[in-house]
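Each remark here refers to the structure printed beneath this line.
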Amino acid sequence: MDDLSRAVDEALMSDLECPVCMQYMVPPIKLCMNGHSICSKCKESIQCCHTCRATFTEIRNVALENIARSQKYPCANRRSGCLELFSIEHIGKHHAACVYGKLKCPFHLLKKCSWNGFKNDLKEHAKAGHRDCFYEVSAFYSNLYEDRICLISYFGELFVHYKRIQDGRMYCVVQLIGTSSEASKYKCKFTLSAKNGIEHIIHTFLVHGNSEGLETIFNSGKYLCLDEAVVRNFMVRKWVKLHIELSKVE
Ligand SMILES: [Zn+2]
Ligand SMILES: [Zn+2]
Ligand SMILES: [Zn+2]
Ligand SMILES: [Zn+2]
């Protein structure tokens, strides 16, 4: 028996498995007429109880829900080697960032890459497949009007830098391939400097984790957002050089 098996109460965990989809049930857990539990997703898609063919009720299995809330769940990538345990609230975020899980290459957002692999292999992939957009420095320039995605390998971590131009505004975000709490150890400083050497725009934001979707980040307001009219003042021969500097939060 490994350490993980000892820490997880296997019998209890099997009670928490939905009999239909075999995933761990999270509240609300509903019951059939005879008291068998089912996850809320499966309840929507099947007509009668998998175990006894009785119909479902709106009654919740409160005792099991309470157990579910107090239980630590093993990561879904357990068979690939992740031995961590998480509460219900945290496991979703962990799955998004787990290094033993597979993730899509960030360039899939531009429909330019279909790579899907382990986090630990992403760096090699980016080096080979996206060399023009791959940096191994903590500070570099990027043209605001080009390279809509780039990958940065530094501090032993991987970061993704996104740019988006929409409705006359320019958006820039830096995400760590990792959890939000790991990401909050890093900050990113964006600097635009005018040709005259006098005018500058400088903004610093904490780095986001990649479990936060881009839409969540754009809703949080914690990213660089500039009016195209403002940006144009910093243009030199169709180039707007945005300086990006990653550093650790002291
Ligand atoms: Zn289910
Ligand atoms: Zn039943
Ligand atoms: Zn994991
Ligand atoms: Zn790729």
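Whatever order the structure lists them in is the order used to number ligands and atoms, beginning at 1.
- Between Tyr135 and Phe140, the ring planes lie parallel to each other; the angle is under 30°, not in the 30° to 60° tilted range.
- Angle SG (Cys18) to the Zn ion (ligand 1) to SG (Cys42): 110°, rounded to 10°.
- Taking the Zn ion (ligand 1) as the corner point, the angle from Cys39 atom SG to Cys21 atom SG is about 110° (rounded to 10 degrees).
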Report task. Start with the C-alpha distance between Glu84 and Tyr73, add both sets of side-chain angles, then the distance that settles side chain to side chain donor-acceptor pair (under 3.5 Å), and finish with yes or no. Result -> CA-CA 8 Å; Glu84 290 196 69; Tyr73 290 77; over 6 Å; no
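- Looking only at atom types and distance, the side chain of His130 has a donor-acceptor partner in the side chain of His125 under 3.5 Å away.
- Aromatic rings of Phe155 and Tyr186 (six-membered ring for Trp) have centroids within the 6.0 Å cut-off, being under it.
- Vertex the Zn ion (ligand 4); arms to His130 atom NE2 and Cys113 atom SG; angle 120° (nearest 10°).
- Vertex the Zn ion (ligand 3); arms to His94 NE2 and Cys75 SG; angle rounded to 10 degrees, 100°.
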